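As structure tokens, the structure follows; a few thoughts come after it.
A note on names: the letters A, B, ... follow the listed sequences, proteins ahead of strands, and every chain is numbered from 1. In this text, all values refer to a predicted model and were calculated from it rather than measured experimentally.
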Amino acid sequence: MTRYNAAASESKWQKIWDENNVFVASDDFSLPKYYVLEMFPYPSGRIHMGHVRNYAQGDVVARYYKAKGYNVLHPMGWDAFGMPAENAARANNGHPEDWTYENIDHMRGQLKSIGLGIDWTREFATCDPEYYSKEQEMFLDFLEQDLVYRKESLVNWDPVDNTVLANEQVIDGCGWRSGVPVERRMLTQWFFRITDFAEELNSELDALDRWPEKVRTMQKNWIGRSEGMKMIFNFCHNDEKIETYTTRPDTIFGMSFLAISADHPTALKLAQNNQELQEFSNKCRSLGGTEEELEKAEKLGFDTGLKVAHPFIEGLEISVYVANFVLMDYGAGAVFGCPAHDQRDLDFARKYGLPVLPVVIPDGEDSACFEIGSKAYTDAGKIQNSDFLNGLTIAKAKKEVICRMSQKGMGEKTVNYRLRDWGISRQRYWGTPIPIIHCKSCGIVPAAKSDLPVELPHDVSFEKEGNPLDHHPTWKHTVCPKCAAAAVRETDTFDTFIDSSWYYARFTSPHSDLPFDREAADYWLPVDQYVGGVEHAILHLLYSRFFTKAMKKVDLLTVQEPFEGLFTQGMVCHETYKDSLGNWLNPDEIEKHAAGDFTVRATGEKVHVGASIKMSKSKKNVVDPTGIIDTYGADTARWFMLSDSPPERDLEWTEEGVEGAWRYTQRLYRIIHEKLEIAAPKGVVEPKEFSKQAQDLRRFSHMSIASVAKDIEDFHFNNSIAQIYKFTSAISSFKADSSAGDAYALREAIEVITLIIAPMIPHLAEEIWSLIGGEGLVAVAPWPDARPELMEETMVTVAIQIKGKLRATIEMEKDLDKEEVQRLALANEKIEHALKGQTIRKIIVIPNRIVNIVI
RNA sequence: GCCUCUGUGGUGGAAUUGGUAGACACGCCGGAUUCAAAAUCCGGUGCUUUACGGCGUGCCAGUUCGAGUCUGGCCAGAGGUACCA
């Protein structure tokens, strides 16, 4: 029996693709282009199934568009800076650089064994000085354009990783890597002015219609745009004023207090000679950030004794509190409290016995009886108890208040964002050094571009706690570029998210002396299809969008957005296993029995089978891609990953599924061998006559071309594969007679199936292609044309319903007129029987589909 | 709490966007082949009923000749987010 030897075949074709530079993108910028990119990997040491799935999906797209005639860019690189390298160095007494490059070498080999159509000539790692020097250059450009600044601020300090984290990198009050609660510390840090682009980052999301809705929503929420007004109040007993921010100026007549943050200048000033307030403020600060008990945290306030005047009610004085729920770094750090229509304000007012006056009444409610209990009313309604606002809608009342306050010079309409600037300083070694010099006389001095790269020193020690750059005996000592006096380098390095914020642009011209060639970037960008995990929905994707806008501002490129199309793939999951002691077991250690029970291979002990969850080392439910590729081949792994589960959903890895995929590759190979004997030889002229079955097979071929193409374009690889299975069965069961038409149709089907499986299982496709005498390589062969005239059906199956219930189906010619269809339906034996003695009230005929008889 | 998504056989999932629910695959059952097994091939497989039939897309209503698909309400699960005024 013919058997397909995947191992031999796969390495053979990988070598041939390589030698022929099949996947090297062309620099001819007049060609139509398609840029496919998967999120590049962190070189942790070994690839995992999640990588295989991610890259297999991208590869289908890349190979498909190449077949469709596009100049395809499908590159690969390494997100190579970061803490695991430092931790490994510490643990093994090695060096992060060695560890990283060794991992890259190993993982490159693993990726190549998957048979990805990648342009390896463009490979780079972000820890190459070649790469990060360009990053330093851009930092200096950004600095010049005022997109970077330094300030002392309260930052998130990760006590395990010993570094600062950006707001986005704190999840549930814990570090995104370490998972431990972060602390608040005052530090001087570098920041990118991402908030300068808040408006664009927000509004342009609407145009990204090839992004998942979910990701766009998450970014919108993160950016948190709100429209409101700046409202100024006068203190009663001096000339000073205080600014607040509100989105509900319409509720001004319901105001019963004014609350400021513990860090508000007014609060700080008062606290200087008020011990009690000082203590209260400290309590507020300690609450912030770390504990998730914020949820239950009681609303606490401290009456400052100060009063402000109500802007519209003559003589009304309102107390000013320091409150623990007001944040200094949002809006003005001060708010007016309207308890009836804001839950926090209500909780606060109830605690301190402040008045609660409803000023918005729901339609249909009587304002005399409408009362607020323990829940604030935040929905629509009409304004009441509000003097000149009475009877207005919320929207109109807002306008009116903004207008009156503006006239008085006491406020204006403003827009606020939740988004904060991006803190980028990290107190780590294995990252890009920040190209800045601190000079005693000149202050902060940017490194000269001619001195770039500011390279990391290789001889560092990880024995001491803290940042090795800071401990290094000589590295930080330099001279000031301005005055040539002795000076010290900045020892912080960039947040590694910067490295991944522009790598997609570097791929367009990875050997350029500039960050990238403008012409190349303008040609290739934006990325047409980006593929990666949804866990980057905010961090990486928002930073990259910012970077593109910043790079545009410093005139490095022209595009607005980095990623035109985004696809977020699901995770790879596996069942979990535990022994009787509760220890996790690897799938390798398990034996599966026919009866459906599981035992430990070594001991015969019974195994407890748990839920299928994301593959992770800690749960030991991982399957190593290398083992799978060695046993079954890369095509089998790819085919399994692409079939069944929709790409955006989680995939459950099962042994049965892999074996099913392997059986298919063998079966296809066997069928082709078998059918090739009776198929026409290659290059035969299309005959004039075709039998009915030959026409059917040809219809199948051409419909498959069209539907597989559409499903690939729509990211429905599972549906492509279902169609290919059907097509395979049709070929397999085709019994050709000796006619030229049958032989031709069979030849055509064999060629078509080879071409349309190629994006998914490229090695087997090449093997079959060479077997059937195909020209050149499948990898460079054009996608076949689907001929519409061959796809047309002549017969259709029409469903006959009585009162919406299916009673019969009838085969009939396509496109018969309605009367004829109706006649056929009524003449049907089953229908006649079912209608006996009934009066027909109405007949609905939908051509080529359905007849519904209403009785 | 709020926002988003998901809910279809034993399992993964299809369903031309309102028109034959369960394509395709896994699993299972039966048969062929084999000394036997593996592999392969053929057939069956939503539930229920002896049958005609009845019931079926998380639950309850509604719109419609016709609803997995649309509307309203509810339930469950997943993800995001959290004092943002």
Side-chain angles (χ1 to χ4, degrees), chain A residues 1 3 171-173 212-222 224-226 228 231 244-248 251 259 261 287-288 292 294-295 297 299 323-327 329-338 341-345 347-348 378 416-420 534-535 537-538 596 612 640 643-646 648-652 654-661 663-664 666-667 670 707 710 716 718-729 732-733 797-810 833 841-855:
Chain A
M1 194 183 290
R3 268 183 76 119
I171 296 148
D172 290 335
E213 193 62 49
K214 179 175 55 171
V215 175
R216 290 196 278 170
T217 312
M218 280 162 70
Q219 290 213 356
K220 283 228 150 169
N221 290 341
W222 188 262
R225 182 182 193 276
S226 77
M231 194 181 267
T244 63
Y245 174 72
T246 180
T247 56
R248 294 295 302 273
T251 63
S261 160
L287 253 172
E292 58 168 55
L294 278 175
E295 197 181 335
K299 304 283 172 282
N324 64 349
F325 62 91
V326 181
L327 307 173
D329 51 359
Y330 182 79
V335 296
F336 79 75
C338 174
H341 307 291
D342 181 286
Q343 193 58 46
R344 289 159 312 190
D345 294 348
D347 295 345
F348 190 82
T378 53
N416 237 309
Y417 301 91
R418 205 186 85 117
L419 184 70
R420 309 289 155 72
V534 73
E535 65 273 20
I538 295 169
S612 182
F640 171 58
S643 55
D644 287 359
S645 291
E648 70 278 10
R649 285 208 215 163
D650 288 351
L651 171 134
E652 184 170 355
T654 62
E655 193 66 20
E656 291 83 4
V658 180
E659 271 168 17
R663 280 203 300 273
Y664 175 74
Q666 292 294 333
R667 176 164 172 250
R670 212 170 40 238
S707 82
K710 180 159 195 326
H716 295 154
N718 53 326
N719 292 356
S720 298
I721 286 180
Q723 178 64 29
I724 289 170
Y725 272 120
K726 280 190 253 184
F727 187 28
T728 306
S729 297
S732 165
S733 56
T797 310
V798 173
I800 316 298
Q801 298 180 332
I802 295 177
K803 271 174 63 177
K805 283 211 183 342
L806 183 69
R807 285 297 126 110
T809 56
I810 309 179
H833 177 80
R841 301 198 358 222
K842 197 174 174 186
I843 300 181
I844 288 135
V845 180
I846 308 294
N848 300 328
R849 273 194 199 288
I850 214 161
V851 177
N852 192 6
I853 302 165
V854 187
I855 53 175

Can you find a pair of side-chain heavy atoms, one from [X] and one from [Y], that are under 4.5 Å apart?
X: R807(A); Y: I800(A); answer: no
X: N718(A); Y: H716(A); answer: yes
X: F336(A); Y: T251(A); answer: yes
X: D342(A); Y: R248(A); answer: no
X: S729(A); Y: R667(A); answer: yes

Residue [X], side-chain heavy atoms: nucleotide from [options] that is nearest:
X: A799(A); options: A85(B), U20(B), G80(B); result: U20(B)
X: P646(A); options: A85(B), U40(B), A14(B); result: A14(B)
X: K842(A); options: A85(B), C65(B), U81(B); result: C65(B)
X: R807(A); options: C83(B), G54(B), C41(B); result: G54(B)
X: L806(A); options: A25(B), C83(B), U20(B); result: U20(B)
X: A722(A); options: A85(B), G13(B), A23(B); result: A23(B)
X: I846(A); options: G19(B), A85(B), G12(B); result: G19(B)
X: I538(A); options: A85(B), A39(B), G80(B); result: G80(B)
X: R649(A); options: C83(B), A25(B), A14(B); result: A14(B)

May I ask you to check whether [X] and [Y] show a side-chain donor-acceptor distance below 3.5 Å?
X: Y245(A); Y: S226(A); result: yes
X: Y664(A); Y: T728(A); result: yes
X: N719(A); Y: Q723(A); result: no

For G9(B), does the O4'-C1'-N9-C4 or O4'-C1'-N1-C2 angle fall within 90° of 0, making it syn, or is it anti?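 In terms of base orientation relative to the sugar, G9(B) is syn.
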What's the base orientation of U64(B): syn (chi within 90° of 0) or anti?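 Chi for U64(B) falls in the anti range.
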So, OP1 or OP2 of [N]: does either fall under 4.0 Å of a side-chain N or O from [X]?
X: N718(A); N: C24(B); value: no
X: R849(A); N: G18(B); value: no
X: R663(A); N: A38(B); value: no
X: Y330(A); N: A85(B); value: yes

Please report the distance, rounded to the nearest Å, between [atom1] in [X] and [atom2] in [N].
X: F640(A); N: G27(B); atom1: CZ; atom2: C1'; result: 13 Å
X: K726(A); N: A25(B); atom1: NZ; atom2: C1'; result: 12 Å
X: W222(A); N: A82(B); atom1: CH2; atom2: C1'; result: 10 Å
X: I800(A); N: G66(B); atom1: CD1; atom2: C1'; result: 14 Å
X: Q801(A); N: C65(B); atom1: CD; atom2: P; result: 13 Å
X: N221(A); N: A82(B); atom1: CG; atom2: C1'; result: 10 Å
X: R670(A); N: U40(B); atom1: CZ; atom2: P; result: 6 Å
X: K220(A); N: U4(B); atom1: NZ; atom2: C1'; result: 14 Å

Look only at the side chain of Q219(A) and the backbone of A537(A), and say whether a donor-acceptor pair between them is shorter than 3.5 Å.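 Yes, because the side chain of Q219(A) sits within donor-acceptor range (under 3.5 Å) of the backbone of A537(A).
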Sugar-phosphate only, base, or nothing, as touched by [X] at under 4.0 Å among non-hydrogen atoms:
X: N719(A); answer: sugar-phosphate
X: T244(A); answer: nothing
X: N852(A); answer: base
X: Y245(A); answer: base
X: K803(A); answer: nothing

[M] and [N], which share atom name [atom1], separated by this distance in whole Å:
N: C29(B); M: A78(B); atom1: P; value: 33 Å
N: G72(B); M: A25(B); atom1: P; value: 38 Å
N: U4(B); M: U71(B); atom1: P; value: 14 Å
N: U63(B); M: U49(B); atom1: C1'; value: 33 Å
N: C59(B); M: G66(B); atom1: C1'; value: 22 Å
N: U6(B); M: G68(B); atom1: C1'; value: 14 Å
N: C41(B); M: A51(B); atom1: C1'; value: 34 Å
N: U33(B); M: G46(B); atom1: P; value: 28 Å

Atom pair CD1/CD1 of I843(A) and I802(A) - distance to nearest 0.5 Å: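 Spacing of CD1 (I843(A)) from CD1 (I802(A)) equals 10.0 Å.
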Determine the stems involving RNA chain B; a stem requires 3 or more consecutive pairs of the Watson-Crick or G-U wobble kind, each with both distances below 3.5 Å, and the answer is none if no such run exists.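 Stems found: B:1-7 with B:75-81, B:10-12 with B:24-26, B:27-32 with B:40-45, B:46-48 with B:53-55, B:58-62 with B:70-74.
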